[in-house]
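A short worksheet on the structure shown next.
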Amino acid sequence: EAVDAGQLAAEELRRALQGLREQDRQVIYLRFFLALSVEETGQALTLPIGTVKSRLNRALDRLRVQVRTHHPSLRLVLEE
């Protein structure tokens, strides 16, 4: 059975996220996978909005490095 590019990209993204710290994974998961607002993410983590924004920013920077360094095929999919 054929696996589509979206499934492959999702699996590769999961592997890239595994390379991050738990704190980074949490904030990315809540914000993007559960589609919570910054405010809702802060409530879920009991953090001020400013802290959520800075953690999210740093987590996404680390995810970019992770993708660039260890998951180049994912980078190509994301740039399409």
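Counting begins at 1 with the first residue of the sequence. The structure presented is a predicted model; accordingly, all values stated were derived computationally and were not measured.
- The side chain to side chain donor-acceptor pair (under 3.5 Å) test applied to Glu11 returns Arg14, Arg15, not counting sequence neighbours.
- Partners of Arg25 according to the salt bridge (charged side-chain N to carboxylate O under 4.0 Å, His left out) rule, which considers only residues two or more places apart in sequence or in another chain, are Glu22.
- With values rounded to the nearest 0.5 angstrom, Asp24 atom CG is found 9.0 Å from Leu63 atom CG.
- Between the CD1 atom of Ile28 and the CG atom of Leu60 there is a distance of 5.0 Å, given to the nearest 0.5 Å.
- Pairs passing the ring pair (Phe, Tyr, Trp, His ring centres under 6.0 Å) check and including a residue from residues 33-54, sequence neighbours excluded, read Tyr29-Phe33.
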Under 3.5 Å, which donor-acceptor pairs do the side chains of residues 42-58 form with other protein atoms, sequence neighbours left out?
{"unit_1": "Ser54", "atom_1": "OG", "unit_2": "Gly50", "atom_2": "O", "d": "3.3"}
{"unit_1": "Ser54", "atom_1": "OG", "unit_2": "Thr51", "atom_2": "O", "d": "3.1"}

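- Residues satisfying the ring-ring contact (aromatic ring centres under 6.0 Å, His included) criterion with Phe32, sequence neighbours excluded, are absent altogether.
- Taking Gln66 as the reference, nothing meets the side chain to side chain donor-acceptor pair (under 3.5 Å) condition, with sequence neighbours excluded.
- Here the closest non-hydrogen pair linking Leu74 and Ala9 is CD1-O, 3.6 Å.
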